[in-house]
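The block underneath contains the structure these notes are about, expressed in structure tokens.
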Protein chains: 2
Amino acid sequence: MQDRSLDRQPLLQPRPEGTDDSTLPPTPEATPTKRRILLAGLKLFAERGYHATSIRDIAAGAGVQSASLYSHFASKEAILAELVLIGHDEHHRDLLSALLGSGVEPRQQLVALVGAHVRGHCRYPTLAVVANHEMAQLSEEALAPAAAIRRHSEAILLELLTRGEQQGAFRLVQLDATRVAIATMGSSVATWYPTYRDLFTPDQLADAYATLALRMVGADEAVS
Amino acid sequence: MQDRSLDRQPLLQPRPEGTDDSTLPPTPEATPTKRRILLAGLKLFAERGYHATSIRDIAAGAGVQSASLYSHFASKEAILAELVLIGHDEHHRDLLSALLGSGVEPRQQLVALVGAHVRGHCRYPTLAVVANHEMAQLSEEALAPAAAIRRHSEAILLELLTRGEQQGAFRLVQLDATRVAIATMGSSVATWYPTYRDLFTPDQLADAYATLALRMVGADEAVS
DNA sequence: GTCTATACTATGATAGAC
DNA sequence: GTCTATCATAGTATAGAC
């Protein structure tokens, strides 16, 4: 005996709660229903994981019947693939715009890059969790567009650290270890920040992590 | 039409390959079959996730029929719960024994602690991935024993950083941010190290991360 | 584009012989 | 403790009316 009340609710009801529109960046291409599906999928994939979430769960969260999902997405995997792509795209834009606004000094650039990395993971933690953790559930083809963006994002930090060391601004312990350490401590913010919101504002945490990163690369601590 | 050949193979066949015994610490309590089930579950949960792995997949990996699993575990969740507990227990033991062998100086203690954290994640990356990522799929009751250990492990680094700052050995940017950053950059090793094995030995990576941690806490860089 | 209804497969778990 | 066989349910996806 299974409760299917969410599937049976009358039409024109208020939408089920819990799909906070602010958890996903703007999606101008998407119709309102498609966006509600993405929001519901985002919430459920993050909370339970991709395979623990059924197409009926997503439909209930979006306030439609499960069959209606297939007017907007070819499959359940396509919903995840779109979320993973949005997450990687948003993140990459954040990094680039931070770099572009940060001057030529490696130290300033590192502060800007780490700050954007952290702020992005504070702003869209649910999306980052899905993009990073549930990514593994996608087939190679479905993942490809996001994977390409990911490689670009990783290259940015690698280039910055390499240049900084060449210019004498950084004294690295070891390039690869430093790069991965800075990247992963920032990405992990998405996992823990929502439960520690009271401890820091996103800006405070971004500043703290930027200072930690400066120390890690052996740069002077003073930030403009 | 579904291929079930793995379920139909004759008895006394060689076990299906791919369950590397070294991926799991010793389990003296477990019978050989129980251990093979744990190994198969570990591999599959790490590769595909808990919900994407069926009881039949695990049985095939362990070289038994699916019904036989229930002579060793009460449920699929119980298999995951035991793996998550083993992972947390092993990790906690590593941290404690590192601390006990590291003298009284906060700097030495931090080097030992971060080194053990990293080495453990290099040694048992699959177990760490399951313990940290699939943990979320367990009910509160099933998770409780591991969660208790986890709180102890987290407290160790918190205490060390607090003491180090009080004694003037560390100059922290911010206690909580530093603690979480050091912890998460180390835990993430489990995710990426297996694909970057050629770049570092576990000891090299442990040394690099220990030095990074010393920089992060504002301690002198010289390590004995 | 949304609905109701349903096809088909896979799932976790149990029964009972050996 | 392991097997074969099976139950009951949940899963993704499709068909066809409106």
Side-chain angles (χ1 to χ4, degrees), chain A residues 1-16 29-38 40-41 44-45 48-82 134 137-139 142, chain B residues 1-16 29-38 40-41 44-45 48-82 134 137-139 142:
Chain A
M1 214 69 63
Q2 186 67 16
D3 181 7
R4 288 287 176 66
S5 55
L6 283 175
D7 275 359
R8 297 279 154 73
Q9 67 185 339
L11 307 181
L12 299 174
Q13 283 258 125
R15 303 293 175 195
E29 308 277 271
T31 62
T33 302
K34 182 170 180 180
R35 184 173 171 91
R36 285 207 320 278
I37 294 168
L38 287 170
L44 291 164
F45 292 159
R48 312 178 185 174
Y50 174 70
H51 277 103
T53 301
S54 78
I55 221 81
R56 289 175 178 82
D57 294 333
I58 300 170
V64 295
Q65 292 303 311
S66 64
S68 303
L69 298 184
Y70 294 89
S71 299
H72 301 273
F73 295 93
S75 65
K76 179 181 161 186
E77 187 185 33
I79 301 176
L80 177 59
E82 182 143 340
E134 305 306 318
Q137 307 297 338
L138 292 175
S139 66
Chain B
M1 214 68 63
Q2 187 66 18
D3 181 8
R4 288 285 177 69
S5 55
L6 283 175
D7 275 359
R8 297 279 154 72
Q9 67 186 339
L11 306 182
L12 299 174
Q13 284 258 125
R15 304 293 175 195
E29 308 277 271
T31 62
T33 302
K34 182 169 180 179
R35 184 173 171 90
R36 285 207 319 279
I37 295 169
L38 287 171
L44 292 164
F45 292 158
R48 312 179 186 174
Y50 174 70
H51 277 102
T53 301
S54 78
I55 221 80
R56 288 171 179 80
D57 294 332
I58 300 170
V64 294
Q65 292 302 311
S66 64
S68 303
L69 298 184
Y70 293 90
S71 299
H72 301 274
F73 295 94
S75 65
K76 180 182 162 186
E77 187 186 34
I79 301 176
L80 176 60
E82 182 143 339
E134 304 305 317
Q137 306 298 337
L138 292 175
S139 66

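Proteins come first, then strands; the chains are lettered A, B, ... in the order of their sequence lines, and each starts at number 1. Please read all numbers here as calculations on a predicted model, not as lab measurements.
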Seminar exercise, completed: Sorted by chain and number, sequence neighbours left out, side-chain hydrogen bond (donor to acceptor under 3.5 Å, both in side chains) with B:T31 holds for none
Exercise. For A:Y50 and A:L138, what are the C-alpha separation, side-chain angles and deciding distance, and is it a side-chain contact (heavy atoms from CB on, under 4.5 Å)?
Worked result: CA-CA 10 Å; A:Y50 174 70; A:L138 292 175; 5.9 Å; no
Exercise. Any donor-acceptor pair under 3.5 Å linking the side chain of B:E77 with the backbone of B:S139?
Worked result: yes
Exercise. Hey, where does DNA chain D pair up into stems, meaning at least three consecutive Watson-Crick or G-U pairs with distances under 3.5 Å?
Worked result: C:1-18 with D:1-18
Problem set entry | Euclidean distance, B:I79 CD1 relative to B:L69 CG, rounded to 0.5 Å | 5.0 Å
For this session: Please state how far atom CD1 in A:I37 lies from atom P in C:dG1, giving the value in whole angstrom units.
Result: 10 Å
Seminar exercise, completed: The side-chain hydrogen bond (donor to acceptor under 3.5 Å, both in side chains) partners of B:H51 (sequence neighbours excluded) come to B:Q137
For this session: For A:S54, report the nucleic acid contact type (base, sugar-phosphate, nothing); a contact means any heavy atom under 4.0 Å.
Result: sugar-phosphate
Exercise. Is B:S68 near enough to D:dC3 that one of its side-chain N or O atoms lies under 4.0 angstrom from OP1 or OP2?
Worked result: yes
For this session: Take atom CZ of A:F73 and atom C1' of C:dG1, then tell me their distance rounded to the nearest Å.
Result: 14 Å
For this session: List the protein contact pattern of nucleotides 13-18 of chain C with one symbol per nucleotide (5' to 3'): B for base contact, S for sugar-phosphate-only contact, - for none; contact means a heavy-atom distance under 4.0 Å.
Result: BBB---
For this session: Output yes when at least one side-chain N/O atom of A:H72 is less than 4.0 Å from OP1 or OP2 of C:dT2, else no.
Result: yes
Exercise. Can B:L38 and B:F73 be said to form a side-chain contact (heavy atoms from CB on, under 4.5 Å), step by step?
Worked result: CA-CA 10 Å; B:L38 287 171; B:F73 295 94; 3.5 Å; yes
For this session: Measure from the side-chain heavy atoms of B:Q65 and tell me the nearest of D:dT2, D:dC3, C:dT2.
Result: D:dC3
For this session: Would you please name every residue forming a salt bridge (charged side-chain N to carboxylate O under 4.0 Å, His left out) with A:K34, sequence neighbours left out?
Result: A:E82
For this session: Describe the nucleic acid contact of A:T53 in one word from base, sugar-phosphate, nothing, applying a heavy-atom distance below 4.0 Å.
Result: sugar-phosphate
Problem set entry | From CG (A:L80) to CD (A:E134), nearest 0.5 Å | 7.0 Å
Problem set entry | d(CG, A:L44; P, D:dG11) in whole Å | 12 Å
Problem set entry | Contacts of B:S54 that satisfy side-chain hydrogen bond (donor to acceptor under 3.5 Å, both in side chains) - sequence neighbours left out | B:D57
Exercise. Can you find a side chain N or O atom of B:T33 that sits less than 4.0 Å from OP1 or OP2 on D:dG1?
Worked result: no
